[in-house]
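Notes to accompany the following structure.
Below, read A as the first sequence line, B as the second, and so on, with proteins coming before strands; counting in each chain starts at 1.
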Amino acid sequence: MMTYDQQYDVIVVGAGHAGCEAALASARMGCLTLLLTLNLDAIALMSCNPSIGGLAKGHLVKEIDALGGEMARNIDATGIQFRILNTRKGPAVRASRAQADKQLYRLRMKRVLEQQDNLHLKQGEVTALYLEGDVLRGVDTRSGIRFVGRTVILTTGTFMRGLIHIGLTNYPGGRAGDLPSVGLSDQLKSMGLDVGRLKTGTPARLDSRTIDFSRLEPQHGDTPPVPFSFHSTGIPLRQVPCHIAYTNPRTHDIIRSGLDRSPLYAGVIEGIGPRYCPSIEDKVVRFPDKDRHQTFIEPEGLDTVEVYPSGMSTSLPIDIQIAFYRSMAGLENVEIMRPAYAIEYDYVDPIQLHATLETKQIPNLYHAGQINGTSGYEEAAGQGLMAGINAALRVKGRPSFVLGRNEAYIGVMIDDLVTLGTREPYRMFTSRAEYRLLLREDNADLRLAEKGHLLGLVSEADYMTFQRKREMIAAEYERLCSTHLEMNASQAELLSRHGCADIQKGITLEQLLRRPEISYTDLAAIDDVSRETVSNVSEQVEIQIKYRGYIERQLEQVERSHKLENTKLPDELDYYSITGLTTEVREKLAKAKPDTLGQASRIPGVTPAAISVLAIAIKAKRWKSHEA
Amino acid sequence: MYIRDTIAAVSTPPGNGGIGIVRISGNTAATVGSAIFKPVKDGGLKSHRFYFGSIHDPASDELIDEAMAVLMKAPRSYTCEDVFELHCHGGVLVVERVLDLVLKCGARLAEAGEFTRRAFLNGRIDLIQAEAVMDIIGSQTEAALRLAQHQREGALSNRIYEARGYLVKALALIEAYIDFPEDDLGETDIATINLTVDRALSILGELLAGFNDGRILREGISVLIIGKPNAGKSSLLNRLLNENRAIVTHIPGTTRDIIEETINLGGLPVKLLDSAGIRSTSDIVEQEGIRRALEKIQEADLVLFVLDASRPFDSEDQMILDALSDAKTILVLNKSDLPRVVELPACFDGMISIPISASSGSGVDDLREKVRTTFLHETDLDNREFVAISRARHHDALVSAEAVLRKFRDNLLLGLGLDLLAIDLRDALSAIGSVTGETTCDEVLDAIFSSFCIGK
């Protein structure tokens with residue numbers, strides 16, 4: 001084994017969505033970083049759907065952007081359809097979604113990585129962690145090079161012991177067309193980490209030249225398209241529609257006829273799949289009364305005929321795949337370019353991580369993305385960013401960086417993962433956030449830009465723009481509170497048209513905006529200054545005023561939870577030494593090793609009584625450490 | 001705050017009884033108990049076995065009492081800790097002496113409710129059960145006892161969990177519409193959400209309606225007997241007392257003061273207050289008694305206005321009538337065995353009146369029944385499913401859940417954003433959680449347990 005003549009601060013293994021953010025974050029924070037990938041042509045590859053965002057995922061992307069990550073800028077530069085979902089369901093659950101040109105997405109990300117100072121990009125398969133005794137020193141690669149680094153971030157995606165299934169045929173692979181990573185997960189297991197197996201799947205890629213789009217309903221993006229990044233000024237690429245198609249009873253018959261050759265139903269697949277993203281055969285079996293299932297035919301790019309039928313993932317054999325896709329209206333003559341497949345892979349239960357994403361077992365080893373049992377590009381990127389930040393902070397000897405559940409979806413996600421672990425692929429949902437109204441897409445910068453700047457990830461120029469926006473919001477809020485309505489004829493006319501004839505002269509514009517009938521747009525009709533206010537400022541002011549009651553309620557709840565969240569539980573705490581806990585609770589706490597009392601309180605089965613006992617034991621120092 | 005030292009207290013009611021129990025709980029309970037108790041047969045005490053022996057003062061070796069003792073090793077005890085119980089003779093002095101010894105040997109005197117608090121903190125009982133235990137201790141009548149036991153068995157929990165289930169279901173619906181806008185779910189099904197929340201609301205409403213009955217069963221009512229001298233107040237009181245076992249010994253006082261007796265009126269604990277006769281008088285002491293009696297009118301749950309029906313209505317009766325103002329009153333027309341003379345002014349119209357004869361006892365049953373049914377609904381008491389929330393904390397939590405849900409329903413129909421609607425539902429769930437003990441914090445616990453009696 002040749003030892004490479006370079007001492008890295010951070011080594012990132014894997015260049016998917018987690019690895020890219022991790023490497024960029026640590027390099028931008030001034031750490032010499034190595035990014036190792038199996039295939040330099042597959043950086044930031046969208047292995048499944050060619051889209052970014054959606055509910056809760058869009059929130060994650062905006063948070064990554066506010067903290068100085070890359071994902072939002074990358075999709076803005078390469079997106080070919082942008083939509084805002086849930087526009088009528090309330091501000092907290094509005095979410096952005098975009099279709100990407102898959103190849104441009106990956107190429108742009110590679111270019112960003114290549115141009116980043118302090119970042120080395122190399123191809124190589126990591127076969128083992130390199131340890132001296134118990135101390136992590138770096139990684140070994142299949143080509144015989146040993147890289148030395150102070151911290152290592154594993155972002156192995158679906159590659160560790162990846163096994164691809166198409167019908168009853170299966171073969172090792174990390175993704176269609178790529179080799180798996182072998183050896184690493186066995187080593188992790190031998191070091192005492194709990195390694196499990198998950199399953200996911202992807203639909204076939206279809207040839208759009210063989211689809212009759214005249215029979216499908218098009219779905220266009222918003223005009224004008226709204227970018228993800230708080231700093232993007234526009235969307236450069238041509239915008240294209242998706243199309244909606246449906247299965248029918250005949251499709252379902254065909255699918256049922258192939259179940260005996262489905263690896264899922266034949267019991268060949270042992271990994272646990274995502275319940276929220278079932279294969280089409282799962283949908284047909286579990287909902288036999290539903291006579292059609294919807295699919296969006298999504299373009300994979302501007303320069304390709306390949307399209308992606310969402311929601312149609314399957315591990316059925318290829319003959320069944322061909323027959324069922326062709327049974328759908330508009331797809332009668334469709335040609336499959338790449339077959340659908342399921343993939344099983346190893347993950348490491350994230351309950352074994354600190355909230356910094358560092359493993360409790362092996363100091364200086366961090367995990368991010370699918371290795372933690374998550375699914376989704378955005379989930380992976382959010383973790384990658386946090387792992388990169390924390391590895392860099394460790395190298396610099398600075399305190400770690402953890403986001404609270406009241407601060408970011410990233411915080412909710414990581415807290416869920418490290419507190420509860422996961423047994424199935426974990427996806428972000430807005431309902432996982434108890435302070436959802438505080439965690440909106442629109443205020444991600446207000447929540448996080450300051451932190452990103454302190455970390456050194458948000459550039460001075462971007463930070464100045466942010467500060468200006470924040471000042472304008474405060475000024476506009478103040479102005480609305482201090483401007484009184486004159487009630488001239490045109491104002492009175494507008495108000496009566498909105499059913500607000502009861503409003504008296506002299507109320508402030510803030511009071512007026514509190515009325516459910518009145519929007520900021522209405523204000524602009526009667527108030528010259530409002531007309532001139534830029535939309536990202538007026539949006540904030542409007543939300544802050546209209547939802548103040550609810551927002552304050554959530555803030556009070558956050559305040560109440562602070563005591564628990566801020567009470568740290570020592571690493572070395574032996575739960576069996578604390579009297580007054582039931583055996584069941586002790587076992588659960590000993591397994592989860594929560595970092596704070598707040599985390600402990602979220603472990604199912606840990607009762608409020610147990611939390612009281614624990615709180616007192618900590619306060620009175622009535623506990624022993626493992627060594628004692 | 002829960003400190004794991006060893007506590008002790010007398011677990012039997014104060015006063016002389018056949019037997020007095022001193023209970024010790026905590027890590028050193030066995031050591032403390034064994035320091036003063038010597039079993040007749042040598043050898044250590046096995047858990048959950050009764051031993052006969054004697055209690056000695058370890059300092060002087062003086063024999064204090066013969067006693068039975070039992071050691072219950074953790075976690076198979078009431079508190080889930082080691083518990084040592086000394087069953088001695090029930091004289092006040094003996095029991096106090098034994099407790100003193102126990103405290104000298106290292107135990108601390110338990111605070112109010114501390115045994116039950118420990119049982120709760122150790123996961124032996126849930127919050128509703130813990131509160132119900134206190135009700136069993138304090139139960140004065142069988143009906144209250146039945147309610148308390150019923151609650152302990154989780155009937156209240158079950159109803160609340162049922163309501164909770166509906167809310168979780170409604171919330172799940174909303175969350176689905178929020179998180180899966182691109183899935184083929186159809187339009188937001190407001191009607192189903194509304195209906196589901198309605199079901200929860202009707203359970204909460206039912207539980208809240210039972211609240212008053214629950215409180216009355218637990219705390220009883222106070223009934224003031226008022227009237228002119230010689231109208232028959234004392235005979236009525238004696239009549240009611242004679243036919244109903246008094247469960248609290250009477251508090252002595254002069255005839256010019258208020259006399260208090262508690263009776264069990266068909267399951268309803270009733271505190272009877274006999275007052276001085278009301279009349280015009282120049283006697284200063286008597287005037288004071290009358291003033292107090294009139295004051296009591298406002299505090300009582302019910303006033304029994306006793307009139308001598310064999311005499312005309314006079315200015316002294318009028319004086320009482322004026323003082324009654326809007327107090328809940330039953331007019332008792334006494335001396336129904338004599339010819340009726342009294343003619344009631346029009347302002348008595350609509351007031352419930354019952355003719356009785358306190359001396360013969362006729363009509364007293366009717367009166368008793370009237371008092372009882374004024375406060376209790378017969379069907380509720382005998383209905384096995386009857387579940388009442390008998391604690392103010394439960395009541396407040398369910399009231400706030402109900403209020404949030406009503407707001408939720410209004411907001412739902414107004415078309416408010418789903419994100420805000422979800423907040424209302426979550427708040428209602430968290431209010432309900434505070435009843436079932438799921439989201440309680442230290443302050444709530446402290447408040448609950450400070451209202452506990454010592455012992456089970």
Side-chain angles (χ1 to χ4, degrees), chain A residues 54-56 83 85-95 97 244 246 276 290 292-294 296 310-311 427-432 434-437 440 516 547 549-550 553-554 557 560-561 563-564 578-585 601 607-613 615-617 619-620 622, chain B residues 1-5 26-27 74-75 79-82 117-127 130 171-172 174-185 188 404 407 411 414-424 426-427 430 433-434 436-446:
Chain A
L55 259 289
R83 290 177 64 212
L85 307 173
N86 277 351
T87 47
R88 287 191 304 275
K89 290 179 191 164
V93 297
R94 270 174 224 152
R97 185 183 193 283
I244 300 171
Y246 295 97
Y276 47 82
K290 217 165 169 210
R292 68 171 200 185
H293 295 277
Q294 177 184 261
F296 289 89
S310 74
R427 193 196 125 173
M428 198 66 232
F429 299 112
T430 68
S431 60
R432 295 196 197 264
E434 60 271 49
Y435 309 119
R436 182 161 57 192
L437 196 56
R440 307 185 306 273
Y547 301 101
Y550 280 93
R553 250 160 81 187
Q554 295 230 301
Q557 289 162 2
R560 281 202 294 275
S561 71
K563 202 174 136 198
L564 286 182
I578 297 178
T579 43
L581 296 176
T582 64
T583 311
E584 187 198 353
V585 167
S601 72
T607 58
I611 292 299
S612 308
V613 171
I616 291 150
K619 207 170 170 186
R622 278 174 216 269
Chain B
M1 281 284 149
Y2 184 22
I3 301 165
R4 306 195 53 80
D5 55 358
N27 291 342
T79 54
C80 289
E81 302 171 336
D82 283 357
R117 181 186 164 100
R118 288 185 174 200
F120 171 74
L121 287 178
N122 288 329
R124 170 119 159 19
I125 53 178
D126 72 23
L127 202 51
L171 185 60
I174 290 180
E175 298 295 359
Y177 290 118
I178 287 176
D179 268 332
F180 302 98
E182 295 187 295
D183 290 61
D184 205 7
L185 300 178
T188 309
V404 174
K407 200 174 106 204
N411 288 340
L414 274 175
L416 208 67
L418 291 179
D419 51 352
L420 302 183
L421 291 170
I423 292 178
D424 288 337
R426 281 176 195 276
D427 284 355
S430 119
S434 74
T436 51
E438 282 163 289
T439 55
T440 52
C441 50
D442 263 339
E443 301 92 82
V444 181
L445 291 180
D446 287 340

Contact origin within B:I174 toward chain A - heavy atom pairs under 4.5 Å = neither
ask   = Using non-hydrogen atoms only, which part of A:R432 is less than 4.5 Å away from chain B: side chain, backbone, both, or neither?
value = neither
Part of A:R553 within contact of chain B (heavy atom distance under 4.5 Å) = side chain
ask   = Counting heavy-atom pairs under 4.5 Å to chain B, which of A:E434, A:R292, A:R97 comes out on top?
value = A:R97
ask   = Does the side chain of A:Y550 come within less than 4.5 Å of B:D424's, by heavy atoms?
value = yes
message = Measuring from atom CG of B:D419 to atom OG1 of A:T430, what distance do you get when rounded to the nearest 0.5 angstrom?
response = 8.5 Å
task = For the residue pair B:I178 and A:R436, establish whether any side-chain heavy-atom pair is separated by less than 4.5 Å.
result = yes
ask   = Quick one: what part of A:Y246 sits under 4.5 Å from any heavy atom of chain B, side chain, backbone, both or neither?
value = side chain
inquiry  = Less than 4.5 Å to any heavy atom of chain B: does that hold for the side chain of A:P91, its backbone, both, or neither?
reply    = both
inquiry  = Quick check on A:R440 against chain B: is it the side chain, the backbone, both or neither that has a heavy atom closer than 4.5 Å?
reply    = neither
